[in-house]
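Contents: one structure, followed by commentary.
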Amino acid sequence: MPELPEVETTVAGLRAVLAGRVLTRVEPRRADLRFPIPVDLRQRLTGARVTALSRRAKYGLVETDRGDMMIFHLGMSGRWRIAPADIGAHDHLLIETEGGLLLSLNDPRRFGSVDLVRSDAWQAYAPFTRMGPEPLGPDFSASTLARALDGKTASIKTALLDQRVVAGLGNIYVCEALNMAGIAPTRPAGRISRARLVLLVDAIREVLTAAIAAGGSTLRDYARPDGELGYFSKQWRVYGREGENCACGGTIQRRIDGGRSTFHCPRCQR
DNA sequence: CTGACGCCCTGCAAGC
DNA sequence: TGCTTGCAGGGCGTCA
């Protein structure tokens, strides 16, 4: 499922085909995603030129020369298909560029979303207003993390999934980072030593960077926009590896926290 | 404010 | 073979 590295990879793929191009056709085919695609999306984007693409947390941002910004979220199963061979029931938004290249936002589960804001006010977009720092940015450090976790009694696993603490992590990379840092997922978030937070920040940065370099993970229905699969899933240390050996020699276990699977090694994560 | 939980949706895999 | 069941989980709403 798309977490930060997958969105980063997706945006890079889209940038290659959209940056500087005029959108000649914008066609929502099914508007009822997580929330409705804005009714004026077609009118506002058709004929506009894409000026920049970027990412905030798990959201992709597409700016145009009309001062509009399309903001998309891939939810659980969303992906952009480039030059799809066929259009099916799950292709919810079609975009064609000058030159005739067709793109499709495909999302079987429809947990994703597409929205439109003014570029100069994108930071006021509701999902962004209380969001924590980018984990790969300069505002994420052991100090800022300590402040965000101060007094929290919830587990560190739960806390790291809270986008207000740090933005863009999902279940996979939280499990991976906690294993890399040697921290038990059940440990109360507010009771982690500064030394271990330093390790955790490093682990988060390292796992995200490695995943981006590998082109993101592949889990069932995720694929890069160009159709190539991401290979980071082969590098998972604990995620999806219940019963297998951890690098430390321990046995990886799976538990449920807040209804979500947590993979960890009780031997080296304490 | 916090934490716990349910819900949205569909495809896939396991089990009977 | 064909059915049912459970699972995947991001983000948001509700509730105590």
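Order of the sequence lines fixes the chain letters, A, B, ..., with proteins taken first and strands second; residue numbering starts at 1 for each chain.
At most 12 heavy atoms of other shown residues, nucleotides or ligands fall within 6.0 angstrom of atom CZ in A/Arg191.
When rounded to the nearest whole Å, the span between CG of A/Asn171 and P of C/dC7 equals 14 Å. Here the C1' atom of nucleotide C/dG10 and the CZ atom of A/Arg56 are 16 Å apart, to the nearest Å. Computed from coordinates, the A/Arg130 CZ to C/dG11 P distance equals 16 Å when rounded to whole Å. Taking atom CD on A/Glu242 and atom P on B/dA14, their separation rounds to 14 Å, with Å as the unit. A/Phe128 places its CZ atom 10 Å from the P atom of C/dG11, with the value rounded to the nearest Å. Whole-Å rounding puts the A/Asp257 CG to C/dG10 C1' distance at 16 Å. To the nearest angstrom, C1' of C/dG10 lies 15 Å from CZ of A/Phe72. If you measure from atom CG of A/Asp32 to atom C1' of B/dC7, you get 16 Å, rounded to the nearest angstrom.
Between A/Arg55 and A/Glu134 there is a salt bridge, since at least one side-chain N of the basic residue sits less than 4.0 Å from a carboxylate O of the acidic one. With respect to A/Asp91 and A/Arg29, no salt bridge is recorded, no charged nitrogen being found less than 4.0 Å from a carboxylate O.
Residue A/Phe111 and nucleotide C/dG10 are classified as a stacked aromatic pair, their ring centres being separated by less than 5.5 Å at an interplanar angle below 30°.
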Distances for protein N or O near nucleotides 12-16 of chain C N or O, under 3.5 Å:
from   : atom 1 : to      : atom 2 : distance (Å)
C/dC12 : O4'    : A/Arg34 : NH2    : 3.1

Mind listing the N/O atom pairs, protein and nucleotides 2-5 of chain B, below 3.5 Å?
from  : atom 1 : to       : atom 2 : distance (Å)
B/dG3 : OP1    : A/Thr153 : N      : 3.3
B/dG3 : OP1    : A/Ala154 : N      : 3.1
B/dG3 : OP2    : A/Lys152 : NZ     : 3.3

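Residue A/Leu61 belongs to a hydrophobic cluster whose other members are A/Phe35, A/Tyr59, A/Met69, A/Ile71, A/Val117, A/Trp122, A/Tyr125, A/Phe128, A/Met131, with links defined by side-chain heavy atoms closer than 4.5 Å.
A/Glu244 is not listed as a side-chain neighbour of A/Phe263, based on a closest heavy-atom distance of 4.5 Å or more. Looking only at side-chain heavy atoms (C-beta outward), A/Arg255 and A/Thr186 come within less than 4.5 Å of each other. In this structure, A/Val50 and A/Leu14 have side chains that are not in contact, with every pair of non-hydrogen atoms separated by 4.5 Å or more. With a 4.5 Å cut-off on side-chain heavy atoms, A/Arg44 and A/Asp40 count as touching.
At C/dG11, one or more side-chain N or O atoms of A/His73 fall inside 4.0 Å of OP1 or OP2 (strictly under the cut-off). Put simply, A/Gln163 has no side-chain N or O that comes within less than 4.0 Å of OP1 or OP2 on C/dG10. Under 4.0 angstrom from either OP1 or OP2 of C/dA8 there lies no side-chain N or O belonging to A/Arg109. A sub-4.0 Å separation between OP1 or OP2 of B/dC9 and a side-chain N or O of A/His90 is absent.
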Quiz item: Under the side chain to side chain donor-acceptor pair (under 3.5 Å) criterion, do A/Arg237 and A/Asn179 qualify, and how do the steps go?
Solution: CA-CA 8 Å; A/Arg237 300 160 60 109; A/Asn179 177 259; 2.8 Å; yes
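Within 4.0 Å of A/Ser261, counting heavy atoms only, lie sugar-phosphate atoms of the nucleic acid but no base atom.
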